[in-house]
Protein chains: 2
Amino acid sequence: MVETRLIDGKAFAEGMRARLKEDVAAFVRETGVTPGLAVVLVGEDPASAVYVRNKGKQTVEAGMASLEHKLPADTPQDEVLALVRALNADSSVHGILVQLPLPASIDAQAVLATIDPAKDVDGFHVVNAGRLAVGLDALVPCTPLGCVMLLKDVLGSLAGLEAVVVGRSNIVGKPLAQLLLREDATVTIAHSRTRDLPGVCRRADILIGAVGRPEMIRGDWIKPGATVIDVGINRVAGVDGKARLVGDVAFDEAQGIAGAITPVPGGVGPMTIACLLANTLTAAKRQVGAD
Amino acid sequence: MVETRLIDGKAFAEGMRARLKEDVAAFVRETGVTPGLAVVLVGEDPASAVYVRNKGKQTVEAGMASLEHKLPADTPQDEVLALVRALNADSSVHGILVQLPLPASIDAQAVLATIDPAKDVDGFHVVNAGRLAVGLDALVPCTPLGCVMLLKDVLGSLAGLEAVVVGRSNIVGKPLAQLLLREDATVTIAHSRTRDLPGVCRRADILIGAVGRPEMIRGDWIKPGATVIDVGINRVAGVDGKARLVGDVAFDEAQGIAGAITPVPGGVGPMTIACLLANTLTAAKRQVGAD
């Protein structure tokens, strides 16, 4: 029975944003340029509206310019593409984020492909996925980047550790595997077709849940002492009938087994926006040639 | 003790090229277009010259046009880039292959980045690496593609099998991991920093050696019955003092343990050119809109 350490992503993200604010101020002093993040929101999805508001607030707090473009749900795809192209051409905009999901009438892949890869702070453009895959400088998706930052904070070097990523999405699982490989971990990608998923998970020094299934990863799937990163944010009905958030890992069962674990909420979640801001500063530096 | 089956890549590649020849003929009949593969060779590397000659010969045998551009070793990088751009613009050229290694005076990454991704039949351009990573249609590197074809021929479905790829190069290991994941295998990427590499290999239903170290993977690293694909082609001194080719796997030791194994030579090697020809036809189909 080990004492399981809580990985406080909220506190880490706050510290990161404070350091970032200083870096932004230095960048503005040196270049006279204020990094600008443009966020495009199409439609009225309430969760998306909350995310966009939080992103805008934290962007401004970090000393950067936030530009929000809100379009009605029935905006034709051509108009969304035209807006993205205008933002590509706008030198005051260094990062462009199109909030997903887009309305079903719009081809999300076409919109993402239109974003200038140099301004693609979500890291979803194929050019950035390719640059990450071949080991070139890339803008890296924010959530996987946040996971690796937390892991390095807890573990120091990840070299030679067995990492198991459960889930193979383009947004988390696959780029996270690339980042862990870059850190010299031995990386396994497991998924819905994996045989003996509990056994595969039990091999992991670093176990990542990124499937979006509430508490799927049980306590006895965790190797004693492993570091567990829970990317899932699932809304479930609590015993009192109220909705509550749980991760992909059965958090209570992991206590006394995992060496360290991120809570949900307050673990990976806060890292995502902090990494988005970091990506925006990185993009601005590269665009003005100050990287 | 199992009877170890030999995976005859030479015979498989011959059958593949015969089918491809029919497909090329049908494509020429339907479109009036003859697929063209341009190969650029800079300098006098003898091994490269042999490869280029073989590629040219097999391209013509498949009914496609082969265009060889041989440049002296001291050709300035600008001239190589200008040639690539001319080939990009040439509608009779559907595939472009720049033979590696390039002379040290030339930035290989810059040359590869200049190739039109639609004509990048080696699949090394970041756009193709990215398209593969996110699951879009891509031109896929030839050697990994050949490995997966052999595996599917031996095993049928790869879904749920444990695959271990030893080696994480951009040319073989990393794209192969993506392809195996696309086939629903549980994929582990191991490498020089992996702890207990023998133990990791022993987990594999599918074991791939792609490190370029002669006979590094020993017989007792192989799970009984596993399918072993040996990508290594290493030149070593034989007992008689003559050079001989060996793979990354100790082939003799694997006998009676592996369920099936590719020999070196005659395993993966012949598949690479066959897949290059297949990629050239795929590229031609997409370029004329016949895909």
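Chain letters run A, B, ... following the sequence lines, proteins first and then strands; every chain starts at 1. Basis for what follows: all heavy atoms, side chains included, without hydrogens, waters or symmetry-related copies.
Heavy-atom distances place the side chain of B:V200, and not its backbone, under 4.5 Å from chain A. Proximity to chain A (any heavy atom under 4.5 Å) is shown, for B:L197, by neither the backbone nor the side chain. Both the backbone and the side chain of B:R131 come within contact range of chain A, with heavy atoms under 4.5 Å apart. Looking at A:V165, neither its backbone nor its side chain comes within 4.5 Å of chain B, counting heavy atoms on both sides. Only the backbone of B:A185 comes within contact range of chain A, judged by heavy atoms closer than 4.5 Å.
For the set B:Q178, B:H125, B:R203, B:R195, the entry with the most heavy-atom pairs within less than 4.5 Å of chain A is B:R203. Each of A:L132, A:I189, A:L161 has some count of heavy-atom pairs under 4.5 Å with chain B, and the biggest count is that of A:I189. Most heavy-atom pairs under 4.5 Å with chain A: of the set B:D184, B:L136, B:D196, this distinction falls to B:D184. Of the listed residues A:N128, A:T194, A:V187, the one with more heavy-atom pairs under 4.5 angstrom with chain B than any other is A:V187.
Looking only at side-chain heavy atoms (C-beta outward), A:V140 and A:L179 come within less than 4.5 Å of each other. In this structure, A:I171 and A:P141 have side chains that are not in contact, with every pair of non-hydrogen atoms separated by 4.5 Å or more.
For A:N279 (side chain) and A:L139 (main-chain N/O), no donor-acceptor pair under 3.5 Å exists by modelled atom type. The closest donor-acceptor contact from the side chain of A:N88 to the backbone of A:I115 lies at 3.5 Å or more, if one exists at all. Under a 3.5 Å cut-off, the side chain of A:T4 and the backbone N or O of A:A258 do form a donor-acceptor pair.
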Next item on the list: Report the C-alpha distance between A:T272 and A:L276 in whole Å, list the side-chain angles of each, state the deciding distance to 0.1 Å, and finish with yes or no for side-chain contact (heavy atoms from CB on, under 4.5 Å).
Entry: CA-CA 6 Å; A:T272 299; A:L276 172 69; 5.9 Å; no
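A:R85 and A:D78 are not joined by a salt bridge, as no carboxylate oxygen comes within less than 4.0 angstrom of a charged side-chain nitrogen.
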